[in-house]
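What follows is a single structure, written as structure tokens, with notes after it.
A, B, ... follow the sequence lines: proteins, then strands. Residue 1 opens every chain.
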Protein chains: 2
Amino acid sequence: MEKMKLKMLYSGMKSEIDIIEKELEIALNSSSQFLNEASLHLLKAGGKRIRPVFVLLSAKFGHYDIQQIKNVAVPLELIHMASLVHDDVIDNAELRRGRETVKAQFNNRVAMYNGDFIFAKALDYMTRIENPKAHQVLANTMVEICVGEIIQIEDKMVLQQNLRDYFRRIKRKTAILIASSCELGAIASGASDEVVLRLKRFGYYVGMSFQIIDDILDFTATDRQLGKPAGSDLMQGNVTLPAIYALEDDAIRPLIEKTLAGPISEGERMQLLKAIRKSPAIQKANALSDLYLEKALKEVSYLPDHPVNKSLIDIANFMGKRKF
Amino acid sequence: MEKMKLKMLYSGMKSEIDIIEKELEIALNSSSQFLNEASLHLLKAGGKRIRPVFVLLSAKFGHYDIQQIKNVAVPLELIHMASLVHDDVIDNAELRRGRETVKAQFNNRVAMYNGDFIFAKALDYMTRIENPKAHQVLANTMVEICVGEIIQIEDKMVLQQNLRDYFRRIKRKTAILIASSCELGAIASGASDEVVLRLKRFGYYVGMSFQIIDDILDFTATDRQLGKPAGSDLMQGNVTLPAIYALEDDAIRPLIEKTLAGPISEGERMQLLKAIRKSPAIQKANALSDLYLEKALKEVSYLPDHPVNKSLIDIANFMGKRKF
């Protein structure tokens, strides 16, 4: 059902999304059969293509030429895909969206090089962009994402975390790439500096709201909805917002500590999930996500009047409110 | 002694090499203390900086401006460094140049992300380059290197290899990056198309010759000279040129098969090294390296007369003749 809703939100952009999908396929082609199989596996696994969609929507504020816009949309999605592949190595994830990860299917090293290859292909694709500002934004986005990956390792297993640590992580993990998608769509279409800045901020806030929801769902959704066991984040050592709030509760704290300390039984996992789900942690985290969502919507109100504003609002609401 | 020889060859470029060294340090700086330590560790481990040197020498054929030239030299060396870090993950290498690898000191995941970070920083640095042709060459170089890494995995442990497989691997592993260094130095200085092409070919042949020597030394040099056990390539499953030739010898073939099949004893390693060292495999491999070296020197003869030609010849000879 959620997927249908998203499809409706994308409905006006189907032909453009298809163009980008086709370009992604072409971009990932290589002389290695092995690499092609791994990449195709990843492409087929789909994904919401949220970043290209934000590029397309943002580009409506300038001269909308899909041939120009795809030049930033494709590398952005490639960077996202590459970071997913590398994330799977770091998280030892065996499943993503209910499918085997590249890493599980092949092995860690292949996944590492497949990620490298996709990064390099993003770069290769970027050489088509003539705008130096767009180059800089993309390059800087990649640096920030990579620094974020290291920060995520640094913060792993650390109980003593505050909200600032968490925000710093999700900013780099998610928000920056969505902010850059909006920014680059606007830049590629030659929108005004004011519009570029507003859209960048909008994307940033949407990204923050979205990632918080994602981190909540890891506790509240079913294994089936997630395509992996609920509570995976914590079991992998990632202390997310609901966990940070739940740590304040003396009854839940030992459960969290135990989860971080080592493999827990299925019964312990159920106990953990139950405790967190009924604690105020989820509500508090939801409130924070809402706050970011509001900030995002406020940025839209500063944008010039345009039919696309409604789409931005609808997608932001969808991302900040989704149930799984 | 070899290091001294190289220093002599570099003597006319000391101040420029220092500028590049300083820039590398600045480029690798980040907001993560952890990342900075890992990168600094890598920088301090040194390296011959052969790629920047080829950039500098090639740039002499045009308008030589170090501020322009460093913009291609720095990302090239960063790409090389990043690929070394990722190579260490793939090879499970614990030592490189006698020092612990980043991977050994921290762990595989940090090494993966440290490599990603360095790649991204290369990209970040590249945004300073205005020449779109230079961009394309760098991006394409990265793609080819990444495809090469996957090919290296595909070819691992495979006994049934011919020279073509080997050449395909070392081309991507080494020759392309040196070819691109020469090509980019010439492009960045605005040299003529003819000079760009000649230098690119020169770099390619030097790179092939150099890698063959490297692969020979892995069998013929001492553990101390290598900073790791001689025979490591084969023990890690990399079937290099001397091994391909040695496989033709019915007395050595079982030793090679055994080495690839699993951990061998120290005695078996000594037996393998002794057998290969006195077989014709080493001579044959040396002859092939010489052939590439000759091709490289021939390209220099087609270049316009310039004092730098002698430096190109000297460094090519050094790289194609070095004893460890």
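Other residues, nucleotides and ligands contribute only 12 or fewer heavy atoms inside 6.0 Å of the NZ atom of B/K200.
Top candidate by heavy-atom pairs under 4.5 Å with chain A, chosen from B/N140, B/I151, B/L138, B/T127, is B/T127. If you tally non-hydrogen atom pairs under 4.5 Å between each of B/Q33, B/E130, B/H135, B/M126 and chain A, the highest count goes to B/H135.
Every side chain to side chain contact (heavy atoms under 4.5 Å, CB included) that B/K121 has, sequence neighbours left out, goes to A/V143, B/L78, B/F117, B/D124.
Side chain of B/Y113 to backbone of A/H86: a donor-acceptor contact under 3.5 angstrom is found.
For the atom pair CE of B/M142 and CG of A/D116, the computed distance is 7.5 Å after rounding to the nearest 0.5 Å. Between B/L123 atom CG and A/Q136 atom CD the span is 11.0 Å, to the nearest 0.5 Å.
Applying the salt bridge (Lys or Arg N to Asp or Glu O under 4.0 Å) test to pairs two or more places apart or on separate chains, those with a residue in residues 159-172 of chain B are B/E144-B/R172, B/D155-B/R168, B/D155-B/R169.
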